[in-house]
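Report on the following structure.
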Amino acid sequence: MIIIEQLYQTLDQRRRPEDVAEMIVELMRNHLKIHELATLSKAANRSLKNSIYGYTSMLETFGTAIGAEKQIKKAIEIFKINEKENTGYHSVTGIETFLNEVSPLIHKDFGQNNFKNDRLNKDLRKLAGLDISKRNYNKKWRLLKRIEIRLQKFIHESKKIELQKIAKHGLSHTISFDHFSKDLNTACFIAYFNARSNLRSTFTNQSQERPFDEICEMLFNRCLETSDNTHWEAISYIYSDAKVLEHLNDEQKGNLLGKWTKILEEISDFLEELWNENDIYRKTMAVKKGNDSTTWNNTAGAWNKARDNWMNLIYALGLESILEDICFGKVMRLMAADVIAWHLSSGGKIDPNTEVWNVVPLPWEVFQERAFCNKEMIIKACQEAGIDPEKSGWMAPRIHGVSEFKPTPELVHGVTVSNPFLAKVLRQNKYFSGKL
């Protein structure tokens, strides 16, 4: 496999920035200036290949939803049908196709799963030409029901994983290989910034490390220097800064705005579902027993990422007047009570963004036009909380600086551990998980 293909595969993985940087050095060594190679080497020299351990205990992939392979293979056995090549055990379309082909064999309608009312009795089975025993019929009926339940779980889990990816890196995992590989400078920036964006959060009472570091800046500057060759539309899927969007035409920006608006619509429905299922304490956003904090935080992160991109495009298209009529706010993540206590004991206070969150209407209600909120209301709430509505990202494209490159720490539930083998043991024994 050539390096550009390996680099492309990292868009849907959680590879360490150091390992991605090493791939870029191998790919671009003859094209980089001395100072650029020196900057990139800060990360590349710490790759797993160059490490004394050569190992990381942290997963280098996102989670995967479990399909219906087990249930479908059992159905093939019981129904005595031939297994097709490339049966879609792990895709919604494949599972639905299997159900639509097999369910009619026992005259079962998709979605009709009430054991008492939706099964055929003896007379109806005879009328339908089903010459099988009641026990055999019930066994097949129950199995198809289980496959339908597995399908719904698969859809739900796939949605959660997709939102986790969006929260981390936007839409970079949807970039096609043709667009990614069209320009090497474009590919290198996207791959490295993607790896930086996928870094895990650390257990701290300070702000998290920002993904755009000095290596990102160097790689992005190379894109600016060769602007005519740079694939700006591909970059906009992960980095929608004004410097990127100014290179897109109105049609490209409009299409991207449509994508993010559709994503916001989907996330708003899921946020409302989670809000109703979890008894969330809105005032402090401290996590309570029974709260699904992982799913909530991933979904909140996806909303905020989508909202940032939506806001960037609104301003880039000169449509900011829309914000006078509708402006939905950010969604706050749930915080562990010990982190909040640590923050307060060290002289801090509740995040002022939480104060704004408590004052303005719930963002999904605004998006769904069930509550009214506009630019003026958010600005007023920010001022009352003592934060700048633009610098905080509530009202304008988020402003970011350039952070210094720092080696990726080996983390166990957010706590830094020096040795990856020790980290594996600690994780297996649930240290720092709050479950001991």
Side-chain angles (χ1 to χ4, degrees), residues 159-160 162-164 166-167 170-171 240 245 253-287 291-293 295-335 350-399:
K159 178 192 292 185
K160 287 163 61 175
E162 178 70 10
L163 293 179
Q164 182 188 17
I166 290 173
L171 297 175
S240 60
L245 297 181
K253 286 183 277 192
N255 288 336
L256 197 55
L257 179 63
K259 281 181 182 289
W260 284 114
T261 304
K262 178 64 175 176
I263 290 169
L264 282 169
E265 181 182 5
E266 293 173 355
I267 298 174
S268 71
D269 293 337
F270 195 43
L271 276 171
E272 183 176 23
E273 179 185 326
L274 292 172
W275 182 260
N276 293 331
E277 290 175 354
N278 294 270
D279 182 23
I280 294 174
Y281 187 42
R282 185 175 178 181
K283 185 176 181 179
T284 63
M285 294 303 288
V287 66
N291 289 160
D292 184 358
S293 59
T295 302
W296 174 267
N297 288 348
N298 285 338
T299 309
W303 171 272
N304 293 334
K305 179 72 74 174
R307 181 185 180 275
D308 283 346
N309 281 276
W310 184 86
M311 191 75 75
N312 290 348
L313 287 156
I314 286 291
Y315 277 87
L317 286 163
L319 300 174
E320 54 266 37
S321 59
I322 289 176
L323 303 177
E324 303 292 347
D325 299 319
I326 182 171
C327 187
F328 31 84
K330 297 191 285 188
V331 175
M332 294 296 102
R333 291 176 169 85
L334 287 168
M335 294 287 290
I350 294 293
D351 185 354
N353 285 287
T354 306
E355 296 179 33
V356 180
W357 156 258
N358 276 285
V359 173
V360 299
L362 293 171
W364 54 89
E365 293 183 350
V366 177
F367 187 83
Q368 297 164 4
E369 299 185 28
R370 291 189 281 122
F372 177 76
C373 185
N374 66 0
K375 179 179 180 179
E376 183 182 349
M377 293 171 64
I378 290 183
I379 290 176
K380 182 180 178 182
C382 288
Q383 290 172 341
E384 290 176 352
I387 59 176
D388 188 303
E390 295 190 356
K391 291 181 179 179
S392 62
W394 279 91
M395 269 322 310
R398 186 182 294 276
I399 300 171

Side chain to side chain donor-acceptor pair (under 3.5 Å) filter on Thr299, not counting sequence neighbours, yields none
When you measure from the side chain of Asn304 to the backbone of Lys330, do you find a donor-acceptor pair of N or O atoms at a distance under 3.5 Å?
no
If you apply the rule side-chain contact (heavy atoms from CB on, under 4.5 Å), what do you find for Val287 with Met335, and how did you get there?
CA-CA 6 Å; Val287 66; Met335 294 287 290; over 6 Å; no
Donor-acceptor pair, Ser268 side chain versus Glu265 backbone, under 3.5 Å?
yes
List for me each residue that meets side chain to side chain donor-acceptor pair (under 3.5 Å) alongside Asp308, sequence neighbours excluded, and say none if there are none.
Arg398
To the nearest 0.5 angstrom, please state how far the CE atom of Met395 sits from the CD atom of Glu376.
11.0 Å
Fit a plane to each ring of Trp275 and Trp296, take the angle between them on a 0 to 90° scale, and name the class: parallel (under 30°), tilted (30 to 60°) or perpendicular (over 60°).
tilted
Measuring from Lys305:NZ to Ser240:OG, what's the distance to the nearest 0.5 Å?
8.5 Å
Please list, chain by chain and in numerical order, all residues satisfying salt bridge (charged side-chain N to carboxylate O under 4.0 Å, His left out) with Lys160, sequence neighbours excluded.
Glu157
Should Val331 and Leu271 count as side-chain neighbours, where that means a heavy-atom distance under 4.5 Å?
yes
Would you confirm whether Asn309, through its side chain, and Gly170, through its main-chain N or O, come within 3.5 Å as a donor-acceptor pair?
no
Apply side-chain contact (heavy atoms from CB on, under 4.5 Å) to Phe328 and Trp364, showing your working.
CA-CA 7 Å; Phe328 31 84; Trp364 54 89; over 6 Å; no
Evaluate the criterion side chain to side chain donor-acceptor pair (under 3.5 Å) for residue pair Trp357 and Asp351; output intermediate values, then yes/no.
CA-CA 10 Å; Trp357 156 258; Asp351 185 354; over 6 Å; no
Supply the atom-to-atom distance Asn297 CG to Leu163 CG, rounded to the nearest 0.5 angstrom.
12.5 Å
How long is the span from the CG atom in Leu274 to the CG atom in Asn291, to the nearest 0.5 Å?
10.5 Å
Met285 and Arg333, any side-chain heavy atoms less than 4.5 Å apart:
no
Can you tell me if Trp303 uses its side chain to pair, donor with acceptor, with the backbone of Gly329 under 3.5 Å?
yes
Could you go through Cys327 and Met377, starting from their C-alpha distance and side-chain angles, then the distance that decides it, and tell me whether this counts as side-chain contact (heavy atoms from CB on, under 4.5 Å)?
CA-CA 9 Å; Cys327 187; Met377 293 171 64; over 6 Å; no
Between Asn278 (side chain) and Ile280 (backbone), is there a donor-acceptor pair under 3.5 Å?
no
Closest non-hydrogen atom pair between Arg282 and Val360, with its separation
NH2-O, 2.7 Å
Please examine the side chains of Asn312 and Leu245, heavy atoms only from C-beta on, and report whether any two atoms are closer than 4.5 Å.
yes
Which atom names give the shortest non-hydrogen contact between Leu323 and Asn374, and what distance separates them?
O-CB, 3.5 Å
I'd like to check Cys373 versus Ile326 (side-chain heavy atoms, cut-off strictly below 4.5 Å). Are they in contact?
no
How long is the span from the NZ atom in Lys159 to the CD1 atom in Ile267, to the nearest 0.5 Å?
10.0 Å
Under 3.5 Å donor-acceptor, Asn358 side chain and Lys283 backbone:
yes
Exercise: identify the closest heavy-atom pair between Leu334 and Ser293:
CD1-CA, 3.8 Å
Where do Ala306 and Ile263 come nearest, in terms of heavy atoms and distance?
CB-CG2, 4.1 Å
Would you sort out whether Trp260 and Ile166 count as a side-chain contact (heavy atoms from CB on, under 4.5 Å), showing the intermediate values?
CA-CA 11 Å; Trp260 284 114; Ile166 290 173; 4.0 Å; yes
Indicate the atoms forming the closest heavy-atom contact of Val366 with Pro361, along with that distance.
CG2-CB, 3.8 Å
Would you please name every residue forming a side chain to side chain contact (heavy atoms under 4.5 Å, CB included) with Asp269, sequence neighbours left out?
Gln368
Taking Asn298 for the side chain and Gly301 for the main chain, is one N or O donor matched with an acceptor at less than 3.5 Å?
no
Side chains of Asp325 and Lys375, heavy atoms from C-beta outward: is any pair under 4.5 Å?
no
Tell me whether Glu369 at atom CD has more than 12 heavy atoms from other residues, nucleotides or ligands lying less than 6.0 Å away.
no
Go through the side-chain N and O atoms of Asn353 and Trp394 and say whether any donor and acceptor fall under 3.5 Å apart.
yes
Sequence-distant partners of Glu272, salt bridge (charged side-chain N to carboxylate O under 4.0 Å, His left out), two or more places apart
Arg370
Looking at residues at least two apart in the chain, or sitting in another chain, which of them share a side chain to side chain contact (heavy atoms under 4.5 Å, CB included) with Lys380?
Glu384
